[in-house]
Amino acid sequence: MADDNINGSPNPSLSVLAQYTKDLSFENPGAPRSLQSRDKAPEININVNVNANPLSDTDFDVVLTLNAEAKDGDKIVFHTELVYGGVFRVTDFPQEHMLPLLFIECPRLLFPFARQIIADVTRNGGFPPLIIDPIDFATMFTQRVAEEQTRAQVNVVPN
């Protein structure tokens, strides 16, 4: 009963066991010309993805992937990709809470660290630091679930 609270129910717990950089790349294909001052800021596109994989009954590897590309017209000013992960121990959560926990709360915990890495690498590449706006992982999760439900309902008949 050591894991139970006063009411006799389990105490849900989320612990970060490790955080790590799995992959980091930065490309500045036009250097040193790309470092010259410009009349307008480059257009920046950012893509975000989250994946989670079980390592055991209680441990999960959650991976946050951030891709950022800055373009001036059709020329790439810089491109960076970060794959940043965390190993989380999740205990005593109801099964229906597991996916939101892994795809919303875990990346929310990883994001500030990943954001700092992107800011540092862009600054070290000779540009102003790219500070990524906060990400609404709850909305991302809701959209992903809706897309997967739609995909599951579509019957593709092979030719």
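All figures in this text were calculated on a predicted structure; none of them were measured in a lab.
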Query raised in the report: side chain to side chain contact (heavy atoms under 4.5 Å, CB included) between Thr58 and Val90: does it pass, once the steps are laid out?
Result: CA-CA 5 Å; Thr58 59; Val90 181; 5.9 Å; no
Requested in this report: Might you work through the side chain to side chain contact (heavy atoms under 4.5 Å, CB included) test for Ile132 and Phe111, ending with a clear yes or no?
Outcome: CA-CA 10 Å; Ile132 299 174; Phe111 177 73; 4.0 Å; yes
Query raised in the report: Could you walk me through whether Leu66 and Asn47 pass the side chain to side chain contact (heavy atoms under 4.5 Å, CB included) check?
Result: CA-CA 6 Å; Leu66 299 172; Asn47 291 310; over 6 Å; no
Report task. With side chain to side chain contact (heavy atoms under 4.5 Å, CB included) as the test, would you mind laying out the steps for Tyr84 and Ile117 before giving the verdict? Result -> CA-CA 9 Å; Tyr84 191 75; Ile117 292 168; 3.6 Å; yes
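Closest non-hydrogen pair, Leu102 versus Ala52, comes out as CB-CB, 4.1 Å. Across Val77 and Lys71, no two heavy atoms sit closer than the pair CG2-C, 4.0 Å. Minimum interatomic distance between Leu130 and Ala68 (heavy atoms only, all atoms of both residues): CD2-CB, 3.6 Å. Taking both residues in full, the closest heavy atoms of Pro128 and Thr122 are given as O-OG1, 3.8 Å, listed atom of the first, atom of the second, then distance.
Of the candidates Glu43, Glu27, Glu81, His79, Glu69 forms a side-chain contact (heavy atoms from CB on, under 4.5 Å) with just one, namely His79. Just one residue in the list Leu110, Asp59, Leu101 forms a side-chain contact (heavy atoms from CB on, under 4.5 Å) with Phe88, and that residue is Leu110.
Side-chain N or O atoms of Arg89 include none that pairs as donor or acceptor with a backbone N or O of Phe60 at under 3.5 Å. Between the Asp72 side chain and the Lys75 main chain, no donor and acceptor come within less than 3.5 Å of each other.
Once rounded to the nearest 0.5 Å, the distance linking OG1 of Thr65 with CG of Asn51 reads 6.5 Å. Separation of atoms CZ (Phe103) and CZ (Arg144) is listed at 4.5 Å; rounding is to 0.5 Å.
Shown here is Asp57, whose CG atom has no more than 12 heavy atoms of other residues, nucleotides or ligands within 6.0 Å. The local environment of CZ in Phe113 is sparse, with at most 12 non-hydrogen atoms from other residues, nucleotides or ligands closer than 6.0 Å.
Note on Val63 and Ile46: separate hydrophobic clusters, where clusters join Ile, Leu, Val, Met, Phe, Trp and Tyr whose side-chain heavy atoms are under 4.5 Å apart, directly or indirectly. Residues Met98 and Leu17 fall into different hydrophobic clusters, defined by Ile, Leu, Val, Met, Phe, Trp and Tyr side chains chained together at heavy-atom separations under 4.5 Å. When the side chains of ILVMFWY residues are joined at heavy-atom separations under 4.5 Å, either directly or via intervening members, Val48 and Leu24 end up in a single hydrophobic cluster.
By the 4.0 Å N-to-carboxylate-O rule, Asp120 lies close enough to Arg123 to be salt-bridged with it. Taking a cutoff of 4.0 Å between a charged side-chain nitrogen and a carboxylate oxygen, Arg108 and Glu105 qualify as a salt bridge.
Leu109 has its side chain within reach of Leu14: a pair of non-hydrogen atoms, C-beta onward, lies under 4.5 Å apart. Taking the side chain as every heavy atom from C-beta outward, Leu82 and Asp23 never approach each other to under 4.5 Å. Side-chain contact between Phe141 and Leu99: present, with at least one pair of heavy atoms (C-beta onward) separated by less than 4.5 Å. Proximity of Leu64 to Phe137: side-chain heavy atoms (C-beta onward) are separated by under 4.5 Å at one or more points. A 4.5 Å side-chain heavy-atom check between Pro107 and Val62 finds at least one atom pair inside the cut-off. Considering only heavy atoms from C-beta on, Ile118 comes within 4.5 Å of Thr80 through its side chain.
The six-membered or imidazole ring of Phe78 lies near that of Phe127, with a centre-to-centre distance under 6.0 Å.
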